[in-house]
Student: 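Please read through the structure below; I'll follow up with questions.
To find a chain, count down the sequence lines: A is the first, B the second, and so on, and within it residues start at 1.
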Amino acid sequence: MKNITEKIRQQIKDVVLGSIHKSIENEELPSLDITDILIEIPREKGYGDFSTNVAMQITKVAKKAPRQVAEIIIRNIDVKDTYIKKVTCAGPGFINFTLDTKYLYDAIEIIKEEKEQYGHINIGNGKKVMVEFVSANPTGPLHMGNARGGALGDLIASVLDAAGYDVTREFLINDAGNQIVKFGTSLEARYIQLIKGADAVPFPQDGYQGEDIAEHMKDFIEIHGDKYLDVDSEERRKVFVDFALPRNLGKIKEGLESYGIHFDVWFSEQTLHKGNDVAETIQLLKDNDCTIENEGALWLKGSVIGSEKDEVLVRNNGIPTYFAADIAYHRNKFEKRGFEWVINLWGADHHGHVARMKAAMTAIGISPDKLDVVLFQLVRLYRNGEIARMSKRTGKSISLMDLVDEVGKDAVRFFFNNKTSGSHLDFDLDLAVKQSNENPVFYVQYAHARICSMLKLLESEGVHVPSVKDANLELLDKEEEFELIKKLSEYPDEVRISAETLEPSRLTRYVLEVAAAFHSFYNACRVRGEEEQLVKARLILVDCTRIVIKNVLDLLSISAPDRM
RNA sequence: GUGCCCAUAGCUCAGCUGGAUAGAGCAACGCCCUUCUAAGGCGUAGGCCUUGGGUUCGAAUCCCCAUGGGCACACCA
């Protein structure tokens with residue numbers, strides 16, 4: 001649970017704040033109030049290892065030019081007992097810090113010590129958080145939206161877990177409401193058509209056209225025959241749904257498992273209706289004077305949700321809307337199950353629902369700050385430079401399973417997490433299957449395989465990765481070695497930022513950088529055949545690289561092959 | 001019509017709560033395998049950060065306007 005970058009940041013903060021206070025005492029700076037400062041890693045190596053812009057930020061209250069402020073801070077700074085070796089003033093007033101390379105050797109020790117735990121931090125303090133994602137419509141197969149939401153949601157959950165939260169992954173089964181009714185009428189129509197011919201009954205206009213509907217009924221007929229032809233419509237639709245829905249769910253579960261996603265909870269929407277959740281929530285809204293009756297329906301007042309329009313909660317046929325159920329669902333998450341933080345992943349087409357949902361939460365007395373909705377843009381697939389809609393294999397619209405079959409789980413998970421959730425994602429099917437340097441997944445996996453085969457070869461010659469205390473890490477002093485260690489040392493910080501921003505796509509980019517730093521190192525520095533002490537030190541570095549790449553890929557649920 | 005998101009190299013994208021000369025990868029071009037995996041490395045070239053205003057010591061980043069894309073506005077979920 002050690003984070004060297006965090007430690008250094010703290011050191012810099014302490015010495016800078018100390019210096020500012022001292023400068024105030026000296027009356028070199030006027031009295032001013034400052035508690036936190038920004039520490040960043042400069043892009044340019046020439047600017048040192050870390051830098052702060054604090055001098056420019058307090059320039060106004062200090063009533064001095066930024067460079068002048070910076071010089072005062074530097075003059076009064078005390079870097080005793082820190083990693084800081086050199087402090088300089090540069091540019092418009094940046095204060096740059098150059099560190100003793102000892103911090104890099106300490107970083108290596110931490111990696112070797114924590115191994116597969118390296119990168120786990122504790123900013124969550126065991127806080128109970130639910131990540132609800134995919135929650136696909138169970139009336140059909142998983143589509144591209146589910147695929148992206150799945151990859152993203154699972155990674156967010158993994159990151160939060162690594163950041164010290166108590167994470168629950170949840171899938172909401174939408175097994176209530178209109179889409180189930182439509183599912184039933186669609187199944188019913190196909191059932192009759194299959195037995196009595198395509199013209200026997202018209203297919204419902206808004207029904208599900210997919211062939212899977214007919215396939216369910218073909219299988220059903222094989223087992224039960226035509227005995228449901230004479231059964232009451234409502235009753236047999238229920239039978240059909242009860243037959244087909246579990247089959248779909250089974251396929252969804254299977255598909256998600258092969259995609260590397262495992263849910264802790266499969267939550268049935270029906271239980272909200274069957275239990276008291278929906279009724280209680282509606283009553284609560286009524287009690288809070290948030291509702292109004294009109295045209296035989298019950299509405300949530302627009303004023304409550306900051307809208308000009310009221311929203312229907314209970315239809316004039318007495319059936320609650322999805323919105324009502326969703327409010328109840330969120331009340332259930334927080335109040336009945338005690339989650340302190342909930343993250344929902346929704347396709348961008350649901351963005352209009354976010355403000356409504358948060359406002360509704362306020363209306364039932366739950367702070368909307370406890371809910372985060374991560375919206376992700378939808379996906380377009382490309383093949384041969386054109387938008388691809390159909391699966392090569394099945395000829396039907398491309399499902400998650402088709403995608404995984406065509407390009408493999410690793411590529412899919414990598415590609416979907418390589419871009420920020422807010423950006424539209426064009427998925428290049430040709431690129432994803434290419435086993436070449438054009439394909440970033442293979443670049444990373446290759447680095448890992450290269451390391452493993454290297455370690456294996458040396459091992460076969462009796463050279464093993466030593467423990468840190470048996471090696472002299474200070475022999476690692478080449479530029480490429482420093483760059484690699486620096487990259488490795490940043491990993492806990494990457495996890496922290498990913499967790500704080502709920503934007504973990506930076507991790508795929510990070511692991512690419514690690515791989516690149518390793519490949520550079522590999523070309524510049526040999527291990528095998530070097531002098532014994534140097535071999536030891538470099539072996540440790542190589543092993544640390546292996547650990548970090550493996551840890552990131554594990555988080556991403558992408559395999560880290562030993563050889564390729 | 002109202003609202004939300006997006007616009008950065010030829011292509012796909014980064015750019016953290018405003019900061020130093022705007023960064024990667026791919027594609028292009030030129031080098032590097034008698035030595036641990038060349039699925040690799042090193043280098044070159046490539047930019048009016050969509051237009052126009054504003055705030056600031058300082059803007060790709062914040063605000064407004066325009067343009068061009070995507071999406072949402074149901075007694076659907």
Student: Are there more than 12 heavy atoms of other residues, nucleotides or ligands under 6.0 Å from atom CD of A:Glu461?
Tutor: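 Counting neighbours around CD of A:Glu461, more than 12 heavy atoms of other residues, nucleotides or ligands fall under 6.0 Å, so yes.
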Student: Using the P atom as the point on both nucleotides, what is the distance between B:rU2 and B:rA20, in whole Å?
Tutor: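 Taking atom P in both B:rA20 and B:rU2, they lie 38 Å apart.
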Student: Crowded around A:Lys182 NZ? As in, over 12 foreign heavy atoms under 6.0 Å?
Tutor: yes
Student: Just name whichever nucleotide pairs with B:rA22, Watson-Crick or G-U, keeping both distances under 3.5 Å, else none.
Tutor: none
Student: Using atom C1' of each nucleotide, how far apart are B:rA7 and B:rA60 to the nearest Å?
Tutor: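 So the two C1' atoms sit 11 Å from each other.
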Student: Is the base of B:rA77 touched by the side chain of A:Thr321 through a donor-acceptor pair closer than 3.5 angstrom?
Tutor: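 No, no donor-acceptor pair under 3.5 Å.
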Student: For A:Cys525, which contact category applies under a 4.0 Å heavy-atom criterion: base, sugar-phosphate, or nothing?
Tutor: base
Student: Say you pick atom C1' in B:rC5 and the same atom in B:rA9; how far apart are they, in whole Å?
Tutor: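 Straight-line distance between the two C1' atoms is 24 Å.
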Student: B:rC11 P sits how many Å from A:Asn418 CG, rounded?
Tutor: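 Distance, rounded to whole Å: 18 Å.
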Student: If B:rA28 has a Watson-Crick or G-U wobble mate with both distances under 3.5 Å, name it; if not, just say none.
Tutor: B:rU44
Student: Provide, to the nearest angstrom, the distance between the CZ atom belonging to A:Arg509 and the C1' atom belonging to B:rC26.
Tutor: 16 Å
Student: With both distances under 3.5 angstrom, what nucleotide forms a Watson-Crick or G-U wobble pair with B:rG3?
Tutor: B:rC71
Student: Compute the centroid of each ring, for A:Phe50 and then for A:Phe97, and state whether the two points are separated by less than 6.0 Å.
Tutor: no
Student: Does A:Ala65 reach a base, just sugar-phosphate, or nothing at all? Heavy atoms under 4.0 Å.
Tutor: nothing
Student: When syn is taken as a glycosidic angle within 90 degrees of 0, is B:rC33 syn or anti?
Tutor: syn
Student: For B:rC76, does OP1 or OP2 lie under 4.0 Å from any side-chain N or O of A:Arg315?
Tutor: yes
Student: Is the phosphate of B:rC76 approached by A:Tyr208 (side-chain N or O, under 4.0 Å from OP1 or OP2)?
Tutor: no
Student: Using the P atom in both, what is the distance from B:rG3 to B:rU12, to the nearest Å?
Tutor: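 Straight-line distance between the two P atoms is 30 Å.
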Student: Could you tell me how far apart A:Leu539 (CG) and B:rC36 (P) are, to the nearest whole angstrom?
Tutor: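 Roughly 15 Å, once rounded to whole Å.
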Student: Salt-bridge test for A:Arg9 and A:Asp493: reply yes if a basic N is under 4.0 Å from a carboxylate O, no otherwise.
Tutor: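 Yes, A:Arg9 and A:Asp493 are salt-bridged.
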Student: Should the side chain of A:Glu295 and the base of B:rC75 be counted as holding a donor-acceptor pair, with the cut-off at 3.5 Å?
Tutor: yes
Student: Determine the contact category for A:Arg563: base if any of its heavy atoms lies under 4.0 Å from a base atom, sugar-phosphate if only primed atoms, P, OP1 or OP2 are that close, otherwise nothing.
Tutor: base
Student: Take atom CZ in A:Arg380; do more than 12 heavy atoms of anything else shown fall under 6.0 Å from it?
Tutor: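 12 or below, so no.
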Student: Name the residue closer to the 5' end of RNA chain B, choosing between A:Ile95 and A:Tyr522 according to the nucleotide with the nearest heavy atom.
Tutor: A:Ile95
Student: Would you mind telling me which residue lines up with the more 5' stretch of RNA chain B, A:Lys309 or A:Pro92, judged by nearest nucleotide?
Tutor: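 The residue whose closest nucleotide sits nearer the 5' end is A:Pro92.
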Student: Between A:Glu311 and A:Lys301, does at least one N-O distance fall below 4.0 Å, as a salt bridge requires?
Tutor: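 Salt bridge flag = no for A:Lys301 with A:Glu311.
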Student: Base, sugar-phosphate, or nothing: which does A:Thr420 touch, judged by heavy atoms less than 4.0 Å apart?
Tutor: sugar-phosphate
Student: Over how many whole Å does the gap from A:Glu513 atom CD to B:rG40 atom C1' extend?
Tutor: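 It works out to 18 Å between those atoms.
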Student: Identify the nucleotide, in any strand shown, that forms a Watson-Crick or G-U wobble pair with B:rC16, with both distances under 3.5 Å; if there is none, say none.
Tutor: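 None - no nucleotide pairs with B:rC16, as no candidate has both distances under 3.5 Å.
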Student: To the nearest Å, how far apart are A:Asp349 CG and B:rC4 C1'?
Tutor: 12 Å
Student: Would you classify A:Ala90 as touching base, sugar-phosphate or nothing, given that sugar-phosphate means primed atoms plus P, OP1 and OP2, and contacts are heavy atoms under 4.0 Å?
Tutor: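 A:Ala90: base contact, heavy atoms under 4.0 Å.
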Student: Any donor-acceptor pair, under 3.5 Å, between the side chain of A:Asn316 and the base of B:rC75, if you only look at N and O atoms?
Tutor: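 Between B:rC75 and A:Asn316, which were checked side chain against base, a qualifying N/O pair under 3.5 Å is present.
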Student: Are A:Ser520 and B:rC42 close enough that a side-chain N or O sits under 4.0 Å from OP1 or OP2?
Tutor: yes
Student: With a cut-off of less than 4.0 Å, is there a side-chain N or O of A:Ser423 near OP1 or OP2 of B:rC5?
Tutor: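 False: A:Ser423 side-chain N/O out of range (4.0 Å or more) of B:rC5 OP1/OP2.
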Student: Could you identify the nucleotide paired to B:rU55, looking across every strand shown and requiring Watson-Crick or G-U wobble geometry with both distances under 3.5 Å?
Tutor: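 Here B:rU55 is not engaged in any pair, so there is no nucleotide opposite it.
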Student: Once you apply a heavy-atom cut-off of 4.0 Å, does A:Arg356 come out as touching a base, just sugar-phosphate, or nothing?
Tutor: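 Result for A:Arg356 = base.
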Student: Atom OH of A:Tyr446 to atom P of B:rA39: distance rounded to whole Å?
Tutor: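 Interatomic distance, OH of A:Tyr446 to P of B:rA39: 5 Å.
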Student: So which nucleotide does B:rC36 pair with, by the Watson-Crick or G-U wobble rule with both distances under 3.5 Å?
Tutor: none
Student: State plainly whether the residues A:Glu132 and A:Lys333 are in salt-bridge range, i.e. N to O under 4.0 Å.
Tutor: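 Yes.
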Student: In whole angstrom, what separates A:Ile549's CD1 from B:rU37's C1'?
Tutor: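 After rounding, the gap between these two atoms is 14 Å.
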Student: Between B:rA74 and B:rC13, how many Å separate the two C1' atoms, rounded to a whole number?
Tutor: 37 Å
Student: Kindly give the atom pairs (protein nitrogen or oxygen, nucleotide nitrogen or oxygen) under 3.5 Å for nucleotides 30-35 of chain B.
Tutor:
from   : atom 1 : to       : atom 2 : distance (Å)
B:rU35 : O2'    : A:Arg526 : NH2    : 3.0

Student: What contact category does A:His351 fall into here, base, sugar-phosphate, or nothing, at under 4.0 angstrom with non-hydrogen atoms?
Tutor: base
Student: Would you say the side chain of A:Asn96 and the base of B:rA20 hold a donor-acceptor pair, judged only by whether the two atoms sit under 3.5 Å apart?
Tutor: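 A donor-acceptor contact between them is present.
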Student: Looking at every strand, decide which applies to A:Glu500 at a 4.0 Å heavy-atom threshold: base, sugar-phosphate, or nothing.
Tutor: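 Result for A:Glu500 = nothing.
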Student: Do the two ring centres, one from A:Phe133 and one from A:Phe171, sit under 6.0 Å apart?
Tutor: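 They do not qualify: ring centres at least 6.0 Å apart.
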Student: Expressed as a whole number of angstroms, how long is the span from A:Ile41:CD1 to B:rG15:C1'?
Tutor: 14 Å
Student: Hey, is the side chain of A:His424 pairing donor to acceptor with the base of B:rC6 inside 3.5 Å?
Tutor: no
Student: Would A:Lys487 and A:Glu490 pass as an ion pair if we require N to O under 4.0 Å?
Tutor: yes
Student: Only pairs at least two apart or in different chains count here, so list each ring-ring contact (aromatic ring centres under 6.0 Å, His included) that has a residue in residues 298-323 of chain A.
Tutor: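 Those involving residues 298-323 of chain A are A:Phe323-A:His353.
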Student: Quick test of your reading of the model: are A:Lys486 and A:Asp49 salt-bridged, counting only N-O distances below 4.0 Å?
Tutor: yes
